[in-house]
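Heads up, the thing below is written out as structure tokens.
Residues: numbered from 1 along the sequence shown.
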Amino acid sequence: MTRLFEYVREAFDALLRNKARSILTMFGMLIGVAAVNSVYGLSSGAAAGIAASVNNTNFPSLTVKPDPQQADPSIAQLQFRDAQMVAGSGGAIRKVVPFYQPFSGIHSRVAHLKNGSIKVNGFPYSWYGDDPDLKAVAGRIITGTDVGGAARVCMISHDLAVQFWKSDDAAIGQLLNVNGTRLQVVGVVDDNQGTGQNYFGGTYYFVVPYTTYHEMTPGPIDGIMVWALTPQDEETARAEVLTVLAHSHGAAAKYTVQSTKDQIAQTEKVIDIIAICLTAIGAISLFVAGIGIMNIMLVSVSERTREIGIRKSIGAKSGDIVLQFLIEATLLSLIGGFIGLMLSFAVIVPVAGAMSRFTGPPAIPYLSVTIAGFVFSLIVGVVFGVYPALRASRLDPVEALRS
């Protein structure tokens, strides 16, 4: 063990004697490890975050829509009552919520007695659980109680609040007259932190519970979201939904049933393919870095031929020479890999924060990333350091001393 520590100390001394050369050689490992670890960490975290969001009980199991490819799509047009009938079928179905496409909002004239009127978009909000995306900059968000009671409440955009009441806080509790329906403002959508700017359209808009929206604008819905009792009941729930709709619209009506689980599986496959391609690019960087380490170690062997001859002449065995140069190559690789690992964390942390807005909090496997960085660095150092070390050990001591 003492001899091993001595070899490590000598390896550090050899690297420090050629600082510039050592640093430039480490750059290849730095870039390769940073690239591979960043891709591995972010792709694993994104896949885990997506899977966690699907396993959340608030996430619907199935989405049912009329099949646009059928001969007469109008016969399959879904109505609000269809969602109620599916919900009442019981069996494997836990909950049903009708939904409208994001941009199927109605254009309305919002009138306020003192401040005139302005044209805005009205959108239904299909509340079905705690929504981490919809946030209020003032007041509160729409709740399940509002939906269940078809409450005459709404959330409005920041611009609409400023247009009518000069500030977000002043808008809370005020009344909007929307085509003869009076709605109380309970919140102002936070466009910076929530879904306002992405989900709802236009500068001026209001959002109401979907039940209230249906009473204001009776008509067809775009689809039905269905929650199965358990993940194992998904296929049974699918059959029950189609049975109810066939009884209501006839056997000729066709519907597409999208499984959220299947959609997520497809997304994860795409993520995996992208990760593999990017990891392959990073692996090429590691290969190039390994070639650089081998090249520098061969140069080092040539420069230290006389030193090798002296060591052999005083009793050093070939294994000792191999170990000395192999440790030097491995240290060169590990130091570069460690810096690359720190750089990958500097990339992963902010990118993961940005991804959390779209996939949910990504579960970055930091321990696995750290182990992977260490293993990659160790393998590159050992594999590409073997040949120079063996070449050094095979030098004839007499010829080495003469040189």
*Determine the sole option in V244, L242, T236, T243 for which the side chain to side chain contact (heavy atoms under 4.5 Å, CB included) test with E240 is passed.*
T236
*Only counting residues at least two apart or in another chain, list the ones meeting side-chain hydrogen bond (donor to acceptor under 3.5 Å, both in side chains) with S248.*
D82
*Applying side-chain contact (heavy atoms from CB on, under 4.5 Å), run through D159 and F164 and close with a yes or a no.*
CA-CA 9 Å; D159 293 318; F164 277 169; over 6 Å; no
*If only atom types and distance count, is the side chain of T211 paired as donor or acceptor with the main-chain N or O of V147 below 3.5 Å?*
yes
*Should L332 and S22 count as side-chain neighbours, where that means a heavy-atom distance under 4.5 Å?*
yes
*Taking only residues two or more places apart in sequence or in another chain, which ones pass salt bridge (Lys or Arg N to Asp or Glu O under 4.0 Å) with R21?*
E303
*Value rounded to 0.5 Å, distance of OG in S38 from CG in L343*: 6.5 Å
*What closest approach, in Å, do L78 and V64 show between heavy atoms, and which atom pair accounts for it?*
CD1-O, 3.8 Å
*asked:* For a quick test of reading the model, state the closest non-hydrogen atom pair linking A136 to M155 and the distance between them.
replied: CB-CE, 4.0 Å
*asked:* Using a 3.5 Å distance criterion without hydrogens, assess whether the side chain of T181 forms a donor-acceptor pair with backbone atoms of N177.
replied: no
*For S167 and D169, does a side-chain donor sit closer than 3.5 Å to a side-chain acceptor?*
no
*Name all pairs fulfilling the side-chain hydrogen bond (donor to acceptor under 3.5 Å, both in side chains) condition that reach into residues 366-382, sequence neighbours left out, sorted by first residue then second.*
none
*Examine distances only and state if a side-chain atom of R238 and a backbone atom of V257 form a donor-acceptor pair shorter than 3.5 Å.*
yes
*H249 side chain to A76 main-chain N or O, any donor-acceptor pair under 3.5 Å?*
no
*So, Q324 side chain and G319 main chain: donor-acceptor pair closer than 3.5 Å or not?*
no
*Within the distance-only criterion (no hydrogens, no angle test), does the side chain of N37 pair as donor or acceptor with the backbone N or O of V369 below 3.5 angstrom?*
yes
*asked:* Test of understanding: with ring-ring contact (aromatic ring centres under 6.0 Å, His included), list the residues that count as partners of F287, not counting sequence neighbours.
replied: F384
*Heavy atoms, side chains only, cut-off 4.5 Å: are F206 and V208 in contact?*
yes
*Hey, are the side chains of V189 and S157 touching, using non-hydrogen atoms and a 4.5 Å cut-off?*
no
_For the CZ atom of F27 and the CG atom of L24, what is their distance to the nearest 0.5 Å?_
7.0 Å
*Please identify each residue that fulfils ring-ring contact (aromatic ring centres under 6.0 Å, His included) with Y255, with sequence neighbours left out.*
none
*Do the side chain of S344 and the main chain of L341 share a donor and acceptor less than 3.5 angstrom apart?*
yes
*Are I293 and M297 side-chain neighbours, meaning at least one heavy-atom pair lies under 4.5 Å?*
yes
_Listed partners of R81 passing side chain to side chain contact (heavy atoms under 4.5 Å, CB included), at least two apart_ = Q79, Q84
*Value rounded to 0.5 Å, distance of OG in S333 from CZ in F374*: 10.0 Å
*Considering only heavy atoms from C-beta outward, does the side chain of H158 approach that of D168 to under 4.5 Å?*
yes
*Side chain proximity check, V96 to W227, heavy atoms < 4.5 angstrom*: no
*Stepwise, does the side-chain contact (heavy atoms from CB on, under 4.5 Å) test hold for F99 with K65?*
CA-CA 10 Å; F99 79 91; K65 298 179 181 179; 3.5 Å; yes
*Supply the atom-to-atom distance I327 CD1 to L334 CG, rounded to the nearest 0.5 angstrom.*
11.0 Å
*asked:* Treating Q70 as the side-chain partner and K254 as the backbone partner, does any N or O pair qualify as donor plus acceptor under 3.5 Å?
replied: yes
*Would you indicate whether the side-chain heavy atoms of L62 and Q258 approach each other to under 4.5 Å?*
no
*Shortest non-hydrogen contact from A237 to I93?*
CB-CG1, 4.0 Å
_Quick test of your reading: applying salt bridge (Lys or Arg N to Asp or Glu O under 4.0 Å), list the pairs with at least one residue in residues 23-36, sequence neighbours left out, ordered by first then second residue._
none
*Out of curiosity, T330 OG1 to I335 CD1, how far, rounded to the nearest 0.5 Å?*
11.0 Å
*Short N-O contact, R140 and D146, less than 4.0 angstrom*: yes
*Any Y205 side-chain heavy atom under 4.5 Å of V207 side chain*: yes
*Sequence neighbours left out, what passes side-chain hydrogen bond (donor to acceptor under 3.5 Å, both in side chains) with E234? Give chain and number order.*
S259
*Tell me, please, which residues at least two apart from V36 pass side chain to side chain contact (heavy atoms under 4.5 Å, CB included).*
T279, L286, F376
*I224/V226 under side-chain contact (heavy atoms from CB on, under 4.5 Å): CA gap, chis, key distance, verdict*: CA-CA 6 Å; I224 300 174; V226 179; 3.9 Å; yes
*Considering all heavy atoms, the nearest T212-A151 contact*: OG1-O, 2.7 Å
_For H214, ring-ring contact (aromatic ring centres under 6.0 Å, His included) partners two or more places apart_ = F80
*About how many Å separate CE of M85 and CG of L245, when rounded to the nearest 0.5 Å?*
7.0 Å
*Which pairs, with at least one residue in residues 326-352 and sequence neighbours excluded, count as a salt bridge (Lys or Arg N to Asp or Glu O under 4.0 Å)?*
R304-E328
*Can you sort out the partners of R152 under side-chain hydrogen bond (donor to acceptor under 3.5 Å, both in side chains), two or more places apart, ordered by chain and number?*
E215
*If you take all heavy atoms of C154 and L176, which pair is closest and at what distance?*
SG-CD1, 3.9 Å
*Closest approach of V301 and P388, non-hydrogen atoms and distance?*
CG2-O, 3.6 Å
